[in-house]
J.: 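Dumping the structure here so I can ask a few things about it.
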Amino acid sequence: MKKLLIAALVSTLSFQALAQTDDDDRPVPQGVQPHMIKHGQNGVDQYVGVQMNQLIKQVFNFSNSTTSVNNNPYLFIYSINLRNSGWGLRVGLGYNYNSTTNDDGITKTTSNINDMQFRLGIEKAFKLSDKWSAGVGIDGLYNTNDDKTTSAQNTALDTSASSVHTTIGSIGYGAQGWLRYNITKNILVGTESSFYYTTGKQQQSTTTTSSSFGNINTTISKASNNLSSGVFSMPVVFYLMVKF
């Protein structure tokens, strides 16, 4: 994962340096001061976006039965594009951490979810009109899940406890397209659609301990499964984006 993050950072910095070089190294016409030159379409545009589906759901009071399933895990997106050609780099990040505990006096259950999704890709942006723009590209993916559930039960005669630890690591690739609308010069809303193929491995460890009349029994079982999937994401996710 560190290698992917370093690659994303290096690629972005290199992209910015290339754009800056193209913008600043042009020859200055004789008799014209550098500050008088307008750069026009040279340089880069950067976009930062966040999913706004939950906000839309709250504002319009949509019920779960009337909304489409959101299978796009990337809550935050960032892209940087050359103005003159539209080519650019993009990054997506999704993270979900949740810890819950239920205790009814007899059984106590604790669940911890720690999941992350990351993507890095290249894209080509197209200006359709003054308000509309679109883009297509390809991405590389890295996903990791680390989930654990423990349960303990106490009765007058015996006690029992179980722990299930599940980890999933996967990589993949795929194609994605997006459509955006400029509300203002620097504020946009957009949606995207993609097809991603991922492959990886799921590992699960289950530990069960029971105690009855002083006798303690412990059972440990482990399982490993290979996983692969191809998922098409409909354009049901909306992003609120800022351009700078």
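These values consider heavy atoms only, across backbone and side chains, with no hydrogens, waters or symmetry-generated copies.
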J.: Transitive ILVMFWY cluster of Ile168 at side-chain heavy atoms under 4.5 Å: who else is in it?
T.: Leu227
J.: Asn53 and Phe238: which non-hydrogen atoms are nearest, and at how many Å?
T.: OD1-N, 2.8 Å
J.: Report yes if the side chains of Asn72 and Gln51 come closer than 4.5 Å at any heavy-atom pair, otherwise no.
T.: yes
J.: Look only at the side chain of Thr191 and the backbone of Val237, and say whether a donor-acceptor pair between them is shorter than 3.5 Å.
T.: yes
J.: Could you check whether any side-chain heavy atom of Ile113 comes within less than 4.5 Å of a side-chain heavy atom of Asn96, counting everything from C-beta outward?
T.: yes
J.: Using the rule given for side-chain hydrogen bond (donor to acceptor under 3.5 Å, both in side chains), can you reason through Asp115 versus Tyr97, listing the C-alpha separation, both sets of side-chain angles and the distance that settles it, and then say yes or no?
T.: CA-CA 6 Å; Asp115 301 341; Tyr97 176 80; over 6 Å; no
J.: Is it true that a side-chain atom of Ser193 and a backbone atom of Ser233 form a donor plus acceptor pair closer than 3.5 Å?
T.: yes
J.: How far apart are the closest heavy atoms of Lys131 and Ile183, and which atoms are they?
T.: NZ-O, 3.7 Å
J.: Are any non-hydrogen side-chain atoms of Leu240 and Ile187 less than 4.5 angstrom apart?
T.: yes
J.: What closest approach, in Å, do Ile77 and Met241 show between heavy atoms, and which atom pair accounts for it?
T.: CD1-CE, 3.8 Å
J.: Looking at side-chain heavy atoms only, is the closest gap between Leu93 and Met116 below 4.5 Å?
T.: yes
J.: Under 3.5 Å, side chain of Asp45 to main-chain N/O of Leu82, donor-acceptor pair present?
T.: no
J.: What's the separation between atom CG in Asp146 and atom CD in Gln203, rounded to the nearest 0.5 Å?
T.: 11.0 Å
J.: Ignoring hydrogens, what is the shortest heavy-atom contact between Phe118 and Asn143? Give both atom names and the distance.
T.: N-OD1, 4.0 Å
J.: Which class fits the ring pair Tyr196 and Tyr74: parallel under 30°, tilted 30 to 60°, perpendicular over 60°?
T.: perpendicular
J.: Less than 4.5 Å apart, any side-chain heavy atom of Tyr142 and any of Leu120?
T.: no
J.: Does the cation-pi check pass for Arg180 over Tyr239, that is, NZ or CZ under 6.0 Å from the six-membered ring centre and within 45° of its axis?
T.: no
J.: I'd like to know if the side chain of Asn81 and the backbone of Gly86 have a donor-acceptor N/O pair within less than 3.5 Å.
T.: yes
J.: Check which hydrophobic residues are tied to Ile216 through side-chain heavy-atom contacts below 4.5 Å, counting indirect links as well, and list them.
T.: none
J.: If you round to the nearest 0.5 Å, how far is CG of Asn182 from OG of Ser129?
T.: 8.5 Å
J.: Are any of the side-chain heavy atoms of Thr198 and Tyr173 separated by less than 4.5 Å?
T.: no
J.: For the pair Lys148 (side chain) and Thr167 (backbone), establish whether a donor and an acceptor sit closer than 3.5 Å, ignoring hydrogens and angles.
T.: no
J.: Measure the shortest side-chain to side-chain distance between Val91 and Phe76 over non-hydrogen atoms and say whether it is less than 4.5 angstrom.
T.: no
J.: State yes or no: do Ile220 and Val164 share one hydrophobic cluster built from I, L, V, M, F, W and Y residues joined by side-chain heavy-atom distances below 4.5 Å, directly or via other members?
T.: no
J.: Side chains of Thr109 and Thr107: does their closest heavy-atom pair fall under 4.5 Å?
T.: yes
J.: Per the salt bridge (charged side-chain N to carboxylate O under 4.0 Å, His left out) rule, what does the pair list look like for residues 188-208, sequence neighbours excluded?
T.: Arg119-Glu192
J.: Check for me, please, whether Leu179 and Val189 land in the same ILVMFWY cluster - side-chain distances under 4.5 Å, paths through other members count.
T.: yes
J.: Could you walk me through whether His165 and Asp147 pass the side-chain hydrogen bond (donor to acceptor under 3.5 Å, both in side chains) check?
T.: CA-CA 6 Å; His165 186 198; Asp147 306 331; over 6 Å; no
